[in-house]
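Some notes on the structure that comes next.
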Amino acid sequence: MTTSITPLKQLAAWKALEAHFATISNTPLRQLFAEDPTRGERLNSEAVGIFLDYSKHRITDETLKLFFQLAEESGLSAKIEAMFRGDKINITENRAVLHTALRAPRSASILVDGADVVPPVHEVLDKMAKFADSIRSGSWTGYTGKPIRNIVNIGIGGSDLGPVMAYEALRHYSIRELNFRFVSNVDGTDFAEAVHDLDAEETLFIISSKTFTTLETMTNAHSARVWALAKLKEHAAVAKHFVAVSTNAAEVSKFGIDTANMFGFWDWVGGRYSMDSAIGLSTMVAVGPDGFRELLAGFHEMDEHFRTTPFEKNLPVLMGLLTVWYNNFFDAQTVAVLPYDQYLKRFPAYLQQLNMESNGKHVTLDGRTTDYQTGPIIWGEPGTNGQHSFYQLIHQGTKLIPCDFIGFYKSLNPLGHHHNFLMSNVFAQAEALAFGKTAEQVHAEGTADWLVPHRTFEGNRPSSVILAEKMTPATLGKLVALYEHSVFVQGTIWQIDSFDQWGVELGKVLAQRIIPELESAEEPVLKHDSSTNALIKRYREHKRK
Ligand code: G6Q
């Protein structure tokens, strides 16, 4: 536990923000834009090829000034340095938080407990590159001599969401001769459907698990071994069809995987921050070692921007502080992330874990219960699909939902007018949310009186627009790092540990207790609450029928 921290609500900047909020909370964006014709050109920042327009937020220069002051009073600069330096800022697990070291150049040096972590990072990257090249070139063959055509990543949570998201995002750059599948759920359907049309002789499993003890992953890994050996027969085949990504060499070799085919990482890499560690092995096989290094370079550029840029121009700082503004002052419960790029279809799901597992906490670093809201709910779908379903609620519902629109100047698949149509929707949605349509305007269109309120849009719904050149490995790295650091900024303001995840433990422990109660031949003596007891009994009865 750290020494006591001045509670957030007692900080001078927080109090000033409360007073300031009272003065501007009802000011419409229409008015803010009318009063300052330069607003749309002024309130933006561009760095490392990422452009952020934050002019359509319910803020003034005063709001920003107070938030930068809040960031200072919260010690954000020192916290950033502490993270990059490798201090053990994950205090409840006594760990350094060094995903930034995973993308540090070879020439860098970062010490954890006196040892430089950069050389081992590059050793693993080099080993991954050799392996990826051998699969891509066909020189790594299966046990019966056939080249590998299918890669199945088995992992869950941080060992799945990053690889899936990155594979989808970088599909344009991926080797088309290989099929990639991802199995995460302990529901047998996930595994069965993933392999039903695959030939075990041509299939390689990457078992991705930091601990190599996770129930879902190990259950799927064992089923994969049974499935593969049903065709390949010899146990020796495991070495040619299974590799592991893990920190646990003992469990990896117990499973039967040669540790020569194990790719390591370290306890200072959190699961949800691990897509650029060896957990990204499937990504590297897909896009090749050069593509993966480009991805890492993109991450690193954003890291450097975050570490060195004054708050006023710092993209993750701006985004993080804006999230706090709506979360804590406007009582917004969620943030919608709306990528207008089909390749980013899994990005909102990825960000769900990144944000919600990091900042879904209610105890501060010094052990107090927060008397304010922390992490928002993250959700979203790629545009324009959402416009034909849930956008209605964002435009005319009763909830305030800040939106992040993400778009690109260029499409990787230029096709007639598609891209202009797509991007026109980004600009139109942000415009409609901010400025709406007044009753006068609706009236002037000849709408019947009784229908006017239904067709009026009050506007004043905030959004950010994030633009970049096109989807590339480097762009993806920059975008992910942008959100990672924004999450860090939010966690710093809220005084929580963004890097632990105790909240996922209890359910896991209880499931372990219930498994034998579902499987035992004899009727178990159930000692849960009456609802859980009844559900277990009912399940056993129906399973038997
Ligand atoms: C992420 C979490 C969690 C973790 C999974 C998988 O930050 O710690 O999502 O990644 O539980 O864990 P293993 O990689 O150990 O199987």
Side-chain angles (χ1 to χ4, degrees), residues 83 89-102 124 128 152-166 182-187 190-191 205-225 242-252 254-255 257 262-283 346 348-361 375 378 480-481 483-485 487-488 490-491 496-512:
M83 175 171 73
I89 61 166
N90 175 358
I91 61 156
T92 71
E93 295 180 317
N94 192 30
R95 283 180 183 162
V97 174
L98 269 178
H99 40 283
T100 51
L102 297 168
V124 173
M128 288 164 66
V152 182
N153 186 75
I154 295 182
I156 196 165
S159 302
D160 168 70
L161 288 160
V164 177
M165 182 279 289
F182 298 86
V183 175
S184 54
N185 200 335
V186 75
D187 181 343
D190 202 9
F191 178 76
F205 292 95
I206 301 177
I207 312 300
S208 296
S209 176
K210 183 173 169 180
T211 54
F212 230 72
T213 55
T214 305
L215 172 83
E216 291 88 339
T217 301
M218 295 328 295
T219 306
N220 280 318
H222 282 104
S223 296
R225 197 173 54 187
F242 286 80
V243 299
V245 177
S246 187
T247 56
N248 189 345
E251 285 299 319
V252 167
K254 225 198 261 172
F255 181 86
I257 295 176
M262 167 178 155
F263 301 84
F265 58 116
W266 307 272
D267 75 348
W268 41 263
V269 183
R272 55 195 175 275
Y273 296 88
S274 68
M275 62 169 276
D276 43 8
S277 70
I279 290 290
L281 187 61
S282 59
T283 316
R346 295 290 293 168
Y350 174 79
L351 293 182
Q352 253 169 8
Q353 182 191 25
L354 180 66
N355 282 254
M356 293 163 73
E357 203 166 65
S358 296
N359 285 341
K361 319 275 163 76
I378 305 294
V480 174
Y483 278 92
E484 282 178 351
H485 298 319
V487 165
F488 176 74
Q490 294 161 48
I496 54 181
D497 187 337
S498 297
F499 301 102
D500 61 13
Q501 55 283 312
W502 298 106
V504 299
E505 290 302 316
L506 178 60
K508 279 195 207 171
V509 172
L510 293 183
Q512 285 299 341

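Residue numbers start at 1 and run along the sequence shown. Atoms within each ligand, like the ligands themselves, are counted from 1 in listed order.
Within 4.0 Å of ligand 1, protein heavy atoms belong to I156, G157, G158, S159, S209, K210, T211, T214, G271, R272, Q353, E357, Q501, listed by chain and number.
The ring-ring contact (aromatic ring centres under 6.0 Å, His included) test applied to F212 returns no partner, not counting sequence neighbours. The ring-ring contact (aromatic ring centres under 6.0 Å, His included) test applied to F488 returns no partner, not counting sequence neighbours.
The side-chain hydrogen bond (donor to acceptor under 3.5 Å, both in side chains) analysis of residues 212-223, with sequence neighbours excluded, yields the pairs T211-T213, T211-T214.
Residues A278 and G264 come closest through the heavy atom pair CB-O, 3.8 Å.
Using the six-membered ring where Trp is involved, Y273 and F499 have ring planes that are tilted, between 30° and 60° apart.
With a 6.0 Å cutoff to the six-membered ring centre and a 45° limit on the axis angle, R225 does not count as a cation-pi contact of F242.
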